[in-house]
Amino acid sequence: MDRMLELFAEIFEAPDVDLLRRVQECARCAAAVGVPSADLDEFARFVDETPAERMAELYRTRNPFIGQQLYGEGYGRSMLLLDLQKRYRRLGFEAGDEPLDHLSVLLRFLSECDDAAEREELAREVLIPGLEAMIAGSVDEGQASAAPFVPLLRALSAAVREQVGS
């Protein structure tokens with residue numbers, strides 16, 4: 001699971017020349033733990049067929065912030081950010097320059113976290129609901145810039161659910 005989450009984190013960060021390779025490796029990791037790779041294969045085809053400039057544009061226009069997906073810009077998100085800050089500090093995790101609720105930061109934390117209870121709690125209470133909100137928002141609102149990421153989000157949700165038994 002750790003390598004798979006690390007790959008998902010890298011995929012959600014920003015597109016680069018290794019994006020297709022990472023998606024393909026992630027599909028192999030997912031299949032190895034019993035998660036169907038169809039959604040990742042679909043995203044890999046999209047990456048392969050999409051010019052780099054267009055991928056960069058799509059990455060700039062997406063909203064990968066779990067807190068915003070769950071709570072908007074209000075009090076709820078602020079409380080989540082404080083909670084994540086405490087969790088990250090307690091376990092010695094460095095978030096870097098991205099906001100603490102950025103999907104790639106959260107995935108990196110989960111990939112490095114050795115505390116199974118912490119991982120499961122964060123996955124069930126934050127990550128899975130946030131992914132569901134991202135998927136629903138992309139589909140319901142017809143966000144053209146978010147639509148290509150829906151298969152990737154579904155694959156991540158399935159992988160996390162498989163690991164936490166949800």
Side-chain angles (χ1 to χ4, degrees), residues 1-31 33 35 37-73 77-78 80-81 84-85 87-89 91-113 119 122-123 126-139 141-160 163:
M1 170 99 166
D2 296 346
R3 178 63 182 150
M4 184 172 50
L5 287 177
E6 182 181 332
L7 285 165
F8 272 115
E10 292 171 2
I11 291 165
F12 278 105
E13 282 175 351
D16 62 16
V17 295
D18 290 330
L19 180 61
L20 180 58
R21 181 196 56 78
R22 285 189 183 109
V23 174
Q24 292 167 334
E25 183 181 349
C26 194
R28 288 189 296 275
C29 289
V33 296
V35 175
S37 63
D39 284 326
L40 284 163
D41 293 340
E42 180 181 340
F43 187 70
R45 281 189 300 278
F46 177 78
V47 169
D48 191 38
E49 296 168 357
T50 304
E53 306 82 40
R54 176 72 178 134
M55 285 304 297
E57 178 184 330
L58 289 168
Y59 268 78
R60 278 192 304 275
T61 59
R62 77 198 194 296
N63 179 359
F65 304 104
I66 295 288
Q68 283 181 345
Q69 297 293 328
L70 292 172
Y71 307 110
E73 284 295 336
R77 181 175 185 218
S78 296
L80 174 63
L81 291 171
L84 290 173
Q85 183 179 46
R87 289 174 192 256
Y88 295 170
R89 276 191 188 148
L91 296 172
F93 176 76
E94 292 295 324
D97 295 334
E98 291 289 348
L100 302 179
D101 64 339
H102 191 287
L103 181 55
S104 64
V105 173
L106 185 58
L107 291 171
R108 259 193 214 293
F109 173 74
L110 291 172
S111 76
E112 295 177 16
C113 181
R119 286 171 59 141
L122 203 50
V126 178
L127 183 57
I128 292 172
L131 291 171
E132 289 174 359
M134 286 179 167
I135 293 166
S138 297
V139 173
E141 297 170 16
Q143 296 176 0
S145 63
F149 295 99
V150 171
L152 187 59
L153 293 166
R154 284 192 310 246
L156 176 56
S157 180
V160 172
Q163 294 300 311

If I compare all heavy atoms of L110 with all of D2, which pair ends up nearest, and what's the gap? O-OD1, 4.4 Å
With a 4.5 Å heavy-atom cut-off, do L152 and F46 have their side chains touching? no
Please determine if R108 and E98 form a salt bridge, counting it only when a charged side-chain N lies under 4.0 Å from a carboxylate O. no
Report the relative orientation of the aromatic rings in F149 and F43; use parallel for angles under 30°, tilted for 30 to 60°, perpendicular for over 60°. tilted
Might you point out which heavy atoms bring V33 and M4 nearest each other, and give the distance in Å? CG2-CE, 3.8 Å
Are D39 and L153 side-chain neighbours, meaning at least one heavy-atom pair lies under 4.5 Å? no
Tell me the closest heavy-atom pair linking A27 and L40, and the distance in Å. CA-CD1, 3.6 Å
Between E49 and R45, does any NZ, NE, NH1 or NH2 come within less than 4.0 Å of an OD or OE carboxylate oxygen? no
Considering all heavy atoms of both residues, which atom of P129 and which atom of A123 are nearest to each other, and what is their separation? CD-O, 4.0 Å
Any side-chain to backbone donor/acceptor pair from Y88 onto L100? Under 3.5 Å, distance only. yes
Minimal non-hydrogen separation, Y59 against A14, with atom names: CD2-CA, 3.6 Å
Quick check: closest heavy atoms across P151 and P148, and the distance to 0.1 Å? CD-O, 3.4 Å
Working to the nearest 0.5 angstrom, can you tell me the gap between L81 CG and Y71 OH? 10.5 Å
Run the salt-bridge test on E57 and R54 with the 4.0 Å N-O cut-off and return the result as yes or no. yes
What's the spacing between I11 CD1 and L107 CG if we round to 0.5 Å? 9.5 Å
Once you measure the plane-to-plane angle for F65 and H102, does it fall in the parallel (<30°), tilted (30-60°) or perpendicular (>60°) bin? perpendicular
Should R3 and E6 count as an ion pair when the cut-off is N to O under 4.0 Å? yes
